[in-house]
Amino acid sequence: MRLTKFHLATVKETPADADVVSQQLMLRAGMIRKIAAGIYTWTPLGLRVLRKVEAIVREEMDRAGALELLMPSIQPRELWEETGRWAKFGGQLLKIRDRKDAEFCYGPTHEEVITDFARNELRSYKQLPVNFYQIQTKFRDEIRPRFGVMRAREFLMKDAYSFHVDTACMQREYRNMYEAYTRIFTRLGLKFRAVAADPGAIGGTGSHEFHVLADSGEDAIAFTSEGDYAANVELAEAAAPAAPRAAPSEALEQVATPTQKTCEEVAALLGLALERTVKSFAVIGEQGFTLVLVRGDHMVNEIKLAKVAGLGEYRLASEAEIAEHLGAPPGFIGPLKPAKKITVVADRTVAAMSDFVVGANAAGFHTRGVNWGRDLPEPDLVADVRNVVEGEPAPGGMGTWSIARGIEVGHVFQLGQKYAQSMGAQVLDENGKARTMYMGCYGIGVSRIVAAAIEQNHDASGILWPEAIAPFHIAVLPLGMDRSERVREAAEKLYGELTAAGLDVLLDDRKGVRPGAMFADQELIGIPHRVVVSERGLEAGQVEYRSRRASANEMKPCAGFAAWAAAEVRTHLSP
RNA sequence: CGGGGUAUAGCGCAGUCUGGUAGCGCGCCAGCCUUGGGCGCUGGAAGUCGGGGGUUCGAAUCCCUCUGCCCCGACCA
């Protein structure tokens, strides 16, 4: 590609409302342009990257035996009523009406459509197993879209759905997809990790997420020091405290904490360790007002909480409800002497504590020296309801937990019969008996991968693309092409040779652009290799080569450079 | 959903409090100059000041209202 024939849209200034590096760089490099909250145009440059990701995903899905199809982005309400998700999916579902006032949604996922397709197309066990996939634009009306294409409302996703007569077959395909995903992320040149995950709203049994590792990741991933286990912190189990609860040693005492609302503030005021405090989290569950207790330095895990009996569909309590049941405003609440009957759910750690500090249920006061059994009844329920923390013991002799950040870019699920059941997707087996199919579902966030790759690969000058998804493999930068016929000829020749060698080449043939500007653009848009053609170098029959990841030039003979560069790029393309 | 902020040239911003000719930087166009890290100089184009309504002789500026966008949201931060 000649730059004069391309639309390069780089900008110097960092956009004000971009709050993650990938979004800043994608905007500065001119890969995307925002048109509305969470909705972006992909420019020619950005699209080149997106398409490369897409191509690798497609190749590996095909290789794994999946069949590509394309489903509609607009889906009728009726299908979603069949699974009950028209109501259940919530505000994320963008609902629309046509001119006849019929209702549709813009598809946030395609379980309904594919299951409808399958029940119509698949009649016999002989047609199974089969795995259909598509690469398609989805829309989820996120409450707060942010981080550019990382959490956009409109995004590109690869979604696959497999159909089976039994669970064993479903599990075989699950493993097949797990391996295909491993190949995909390896080929993309990204550092990633597969982790055990919560199936979430999609539902089903077994599930793994694939995370691109990056410090800025929205998800926390927990790894065990022994064995090879990794899980989303949403799922990672905190081992039950080994030591039994100590006997009470302090008397109950109400202390004034006029402005201290957080555990940190209270602990500092009282000169106590944060581990001696307990925080209270007020929710409304099936039993009504419920107080969830975790240690001051711990965080409530809402996914785990929703698995506690009676809290399946809990919501946060309002300030009015907190005042009504506890008689105090948030910041000073606790399980002691509530104004009304409440349910108390204690984290395992809290259940094993003694002489702890909680809010006194009186504005401006906390209570210390609190002990289970003596000062208040034993908790109604003890459960694992918090996030694990760095360094704490992992269950089952797997050593200790450590935490890393990741960006979820893939997810594989064993759906079982959830959708096939509600939509009546059946095939006849060998005995002519109707059997509900088992399903698997496998997603990859194609557009999110582009952002994730940047989060993982950038420096102060810009993006550092892995070769496999770089918009161009190599940039040819001629210095003084306007003035020097010799430079022009050499650059054109090199451009032709590199292109013929099968590389995606960008020739910066812009008139009158100074070297500094050319270098800055090449580095910003992250082209992994560059070659500078100048009078100085040609004098010695050489060009200057530089890897985007290197800090110095290497002189290379003009003759044979294209072949050398092509080989260099290829070593990175097939890791 | 609730709270806060913000909306002025393609982009980033000042001007609004205290009403009186709409500005700066980047970018863009033309010319000169320069040519190894986003050069320099000169000239130029470009804005119904988010929409609607009101107050006023006069509104980017004051009042009402709508909309977009951004940020935050319980001792989970």
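In this text the structure is predicted, and so the values were computed from the model without any measurement. Order of the sequence lines fixes the chain letters, A, B, ..., with proteins taken first and strands second; residue numbering starts at 1 for each chain.
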Exercise. Of A:E455, A:E408, A:Q23, which meets side-chain contact (heavy atoms from CB on, under 4.5 Å) against A:M150?
Worked result: A:E455
Exercise. When you measure from every atom of RNA chain B, which of residues 349-356 of chain A have a heavy atom less than 4.0 Å away?
Worked result: none
Exercise. Which letters describe nucleotides 34-40 of chain B, given B = protein heavy atom under 4.0 Å from base, S = only from sugar-phosphate, - = neither?
Worked result: BBBBBB-
Exercise. How far does the C1' atom of B:rG4 sit from the matching atom of B:rG15, given to the nearest Å?
Worked result: 23 Å
Exercise. Which whole number of Å gives the distance between the P atom of B:rU65 and that of B:rG3?
Worked result: 14 Å
Exercise. To the nearest Å, how far apart are A:L8 CG and B:rC28 P?
Worked result: 11 Å
Problem set entry | Contacting residues from residues 358-394 of chain A, given that a heavy atom lies under 4.0 angstrom of RNA chain B | A:G359, A:H366
For this session: Could you check whether A:I333 gets within reach of a base, just the sugar-phosphate, or nothing at all, counting any heavy atom under 4.0 Å?
Result: base
Exercise. Do we see a donor-acceptor contact under 3.5 Å between the side chains of A:E535 and A:S484?
Worked result: yes
For this session: Between B:rG47 and B:rU42, how far apart are the P atoms? Round to whole Å, please.
Result: 24 Å
Problem set entry | N/O donor-acceptor pair, side chain A:E13 with base B:rG25, under 3.5 angstrom | yes
Exercise. Would a distance-only check, ignoring hydrogens and angles, find a side-chain to backbone donor-acceptor pair under 3.5 Å from A:K138 to A:T109?
Worked result: no
Exercise. For the atom pair CG (A:D509) and CE (A:M481), what is the distance rounded to the nearest 0.5 Å?
Worked result: 5.5 Å
Exercise. Has the side chain of A:K304 got a donor or acceptor atom that lies under 3.5 Å from a matching backbone atom of A:A236?
Worked result: yes
For this session: Scan nucleotides 41-46 of chain B nucleotide by nucleotide, 5' to 3', and note B when protein non-hydrogen atoms come under 4.0 Å of the base, S if they reach only the sugar-phosphate, - if neither.
Result: ------
Exercise. With rounding to whole Å, what would you report as the distance between B:rG50 and B:rG68 at their C1' atoms?
Worked result: 7 Å
Exercise. Can you tell me the Watson-Crick or wobble partner of B:rC1, both distances under 3.5 angstrom?
Worked result: B:rG73
For this session: Calculate, to the nearest 0.5 Å, the distance between atoms SG and CG belonging to A:C263 and A:D297 respectively.
Result: 9.0 Å
Exercise. Passes side-chain contact (heavy atoms from CB on, under 4.5 Å), A:E324 versus A:F289? Steps please.
Worked result: CA-CA 10 Å; A:E324 181 194 342; A:F289 193 92; over 6 Å; no
For this session: Kindly say whether A:Q24 contributes a backbone atom to a donor-acceptor pair with the side chain of A:T14 at under 3.5 angstrom?
Result: no
Exercise. Is it true that a side-chain atom of A:Y40 and a backbone atom of A:E154 form a donor plus acceptor pair closer than 3.5 Å?
Worked result: no
For this session: Kindly determine whether A:F472 and A:F6 satisfy ring pair (Phe, Tyr, Trp, His ring centres under 6.0 Å), including the steps that lead there.
Result: CA-CA 12 Å; A:F472 299 97; A:F6 194 65; 5.6 Å; yes
For this session: Between B:rU8 and B:rG25, how far apart are the C1' atoms? Round to whole Å, please.
Result: 15 Å
Exercise. How many Å lie between CG on A:L27 and P on B:rG27, as a whole number?
Worked result: 18 Å
Exercise. If you measure from the C1' atom in B:rC57 to the same atom in B:rG40, how many Å do you get, rounded?
Worked result: 49 Å
Problem set entry | G-U wobble or Watson-Crick pairing nucleotide for B:rU6 (cut-off 3.5 Å, both distances) | B:rG68
Problem set entry | Same-atom distance (C1') from B:rU18 to B:rU61, integer angstrom | 10 Å
Seminar exercise, completed: Residues in residues 33-45 of chain A with a heavy atom under 4.0 Å of RNA chain B, by number, are A:K34, A:A37
Problem set entry | 5' priority, RNA chain B, between A:F332 and A:T14 [closest heavy atom] | A:T14
For this session: Look at atom NZ of A:K95 and say whether more than 12 heavy atoms of other residues, nucleotides or ligands are closer to it than 6.0 Å.
Result: yes
For this session: Could you check A:N553, A:V532, A:V531 and say which one makes a side-chain contact (heavy atoms from CB on, under 4.5 Å) with A:R546?
Result: A:N553
Exercise. Atom CG of A:N301 to atom P of B:rC75: distance rounded to whole Å?
Worked result: 19 Å
Problem set entry | Residue met sooner reading RNA chain B from 5', once A:F147 and A:V300 are mapped to nucleotides | A:F147
Exercise. Do A:D482 side-chain atoms and A:G512 backbone N/O form a donor-acceptor pair below 3.5 Å?
Worked result: yes
Exercise. Counting only N and O atoms by type, is there a donor-acceptor contact under 3.5 Å from the side chain of A:E265 to the main-chain atoms of A:K261?
Worked result: yes
Exercise. Between A:R510 and A:D521, is there a salt bridge with N-O shorter than 4.0 Å?
Worked result: yes
Exercise. What residues form a side-chain hydrogen bond (donor to acceptor under 3.5 Å, both in side chains) with A:R77, not counting sequence neighbours?
Worked result: A:E81, A:E103
Exercise. Taking A:D380 for the side chain and A:V344 for the main chain, is one N or O donor matched with an acceptor at less than 3.5 Å?
Worked result: yes
Exercise. Are any of the side-chain nitrogens in A:E568 or A:K556 under 4.0 Å away from the carboxylate oxygens of its partner?
Worked result: no
For this session: Sort out the partner of B:rU21 for me: Watson-Crick or G-U wobble, both distances under 3.5 Å, none otherwise.
Result: none
Exercise. Whole-Å distance between B:rC70 C1' and A:R151 CZ?
Worked result: 17 Å
Exercise. Which whole number of Å gives the distance between the P atom of B:rG19 and that of B:rC24?
Worked result: 24 Å
